[in-house]
Amino acid sequence: MLRNSADRPVRLQHVLALCASLLVPACASKYSQVPARLDLAPYGRIALVTFGADQQNSAISSLATQRFAEALLASQSGVELLELGSADSTLKALAASSDGVALAKALGKDRNVPAVFVGYLKISNVKPRGHIDGSGLNVRAGVSAELTVRLLSTSTGGTVWRSSSIASGTLGRVNITDRLPSIAMRDKDDADNEMVSQLIAQVTRDLRPTWIKQ
């Protein structure tokens with residue numbers, strides 16, 4: 001009786017270890033990696049133009065471009081990214097033109113790149129939204145943004161790839177319940193950072209490999 005009760009925990013540990021050794025490879029074999037839909041390695045070198053936006057949103061546009069570059073380089077290997085801002089001489093010469101085809105061809109000639117990323121960020125004005133129900137009044141102020149990014153061929157100006165994303169952020173909230181107001185305000189920079197992170201995560205989905213269950 002004493003010997004059997006003492007051996008039981010040891011046997012149980014052996015059984016659990018055996019089950020674990022069988023389950024780990026079985027679980028690992030259920031998933032396989034699918035390469036990114038957009039493989040940039042064949043291009044070798046690609047230009048990225050700072051995303052366009054309204055004048056008042058230029059800072060957010062620059063942030064979105066930076067985050068896009070970081071996501072691209074983190075997801076893809078074997079590619080060199082040439083980041084071009086508004087001070088670039090080629091972009092200055094085409095500042096009065098919004099023709100993406102002309103921009104792509106000019107960059108291909110002047111910078112010797114086979115393709116270029118261009119994008120535009122559109123941000124709405126602050127919009128209050130609210131509702132009244134049995135619990136009281138609920139009003140919030142928020143903004144929404146839409147980012148569209150294209151990969152253009154510099155030889156033809158044609159679109160090789162396109163992706164877009166939409167995100168929203170809340171700047172403040174007011175709740176009035178039982179005649180007691182509750183006000184919560186958020187730093188605009190924090191809201192913008194969160195919104196940009198959402199936009200980039202969505203718009204770069206084709207640049208990342210995925211996992212599928214077999």
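Note that the structure is predicted; figures quoted are calculated from it, not measured.
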**Student:** Run the numbers on V79 and I46 for side-chain contact (heavy atoms from CB on, under 4.5 Å), then give the verdict.
**Tutor:** CA-CA 7 Å; V79 59; I46 297 180; 4.2 Å; yes
**Student:** Do L72 and T204 touch side chain to side chain, with heavy atoms closer than 4.5 Å?
**Tutor:** no
**Student:** When rounded to the nearest 0.5 angstrom, what distance separates CD1 in I60 from CG in L147?
**Tutor:** 12.0 Å
**Student:** Can Q202 and Q198 be counted as having a side-chain donor-acceptor contact under 3.5 angstrom?
**Tutor:** no
**Student:** Nearest heavy-atom pair of A69 and L81: which atoms, and what distance?
**Tutor:** CB-CD2, 3.6 Å
**Student:** Counting distance only, does the side-chain N/O of Q76 pair as donor-acceptor with the main-chain N or O of L38 below 3.5 Å?
**Tutor:** yes
**Student:** Can you see which heavy atom on V196 is nearest to which on A64, and at what distance?
**Tutor:** CG1-CA, 3.8 Å
**Student:** Do I212 and S32 have side chains that approach each other closer than 4.5 Å (heavy atoms only, starting at C-beta)?
**Tutor:** yes
**Student:** Donor-acceptor pair, distance only, cut-off 3.5 Å: does the side chain of R37 make one with the backbone of R205?
**Tutor:** no
**Student:** Can a donor-acceptor pair be found, under 3.5 Å and without considering hydrogens, that links the side chain of T50 to the backbone of L84?
**Tutor:** yes
**Student:** Is the shortest heavy-atom distance from the side chain of V49 to the side chain of T65 under 4.5 Å?
**Tutor:** no
**Student:** When you measure from the side chain of S163 to the backbone N and O of V203, does any donor-acceptor pair fall under 3.5 Å?
**Tutor:** yes
**Student:** Roughly how far, to the nearest 0.5 Å, is the OG atom of S155 from the NZ atom of K109?
**Tutor:** 14.5 Å
**Student:** Taking C-beta and beyond as the side chain, do R162 and T148 meet within less than 4.5 Å on heavy atoms?
**Tutor:** yes
**Student:** Please round to the nearest 0.5 Å and tell me the distance separating atom CG of D110 and atom NZ of K105.
**Tutor:** 14.0 Å
**Student:** Checking the side chain of T154 only, and the main-chain atoms of V113 only, is there a donor and an acceptor separated by less than 3.5 Å?
**Tutor:** yes
**Student:** With the 4.5 Å side-chain cut-off for hydrophobic clustering, are Y120 and W161 part of the same group?
**Tutor:** no
**Student:** If hydrophobic clusters are built by linking Ile, Leu, Val, Met, Phe, Trp and Tyr wherever their side-chain heavy atoms come under 4.5 Å apart, do L207 and Y43 end up in the same one?
**Tutor:** yes
**Student:** Would you mind checking if E80 and R45 are paired as a salt bridge, meaning a charged N to carboxylate O distance below 4.0 Å?
**Tutor:** yes
**Student:** Does any N or O in the side chain of S168 come within less than 3.5 Å of the main-chain N or O of S144, such that one atom is a donor and the other an acceptor?
**Tutor:** no
**Student:** Drop me the distance from L152's CG to T159's OG1, to the nearest 0.5 angstrom.
**Tutor:** 5.0 Å
**Student:** For a 4.5 angstrom cut-off between non-hydrogen side-chain atoms, does V118 reach V116?
**Tutor:** yes
**Student:** Tell me if a side-chain donor or acceptor on T156 pairs with a main-chain N or O of G158 at a distance below 3.5 Å.
**Tutor:** yes
**Student:** Checking side chain to side chain contact (heavy atoms under 4.5 Å, CB included) against L63, which of D192, N193, L121 comes through?
**Tutor:** N193
**Student:** Would you indicate whether D39, at its atom CG, is surrounded by more than 12 heavy atoms from other residues, nucleotides or ligands within a distance under 6.0 Å?
**Tutor:** yes
**Student:** Side chains of R67 and S197: donor-acceptor distance under 3.5 Å anywhere?
**Tutor:** yes
**Student:** Between S77 and A41, which heavy-atom pair has the shortest distance, and what is it?
**Tutor:** O-CB, 3.8 Å
**Student:** Would you say the side-chain atoms of S61 pair up with the backbone N or O of F51, donor to acceptor, closer than 3.5 Å?
**Tutor:** yes
**Student:** State yes or no: are the ring centers of F68 and F117 separated by less than 6.0 Å?
**Tutor:** yes
**Student:** Heavy atoms only: give me the nearest A145-M195 pair and the separation to one decimal.
**Tutor:** CB-SD, 3.8 Å
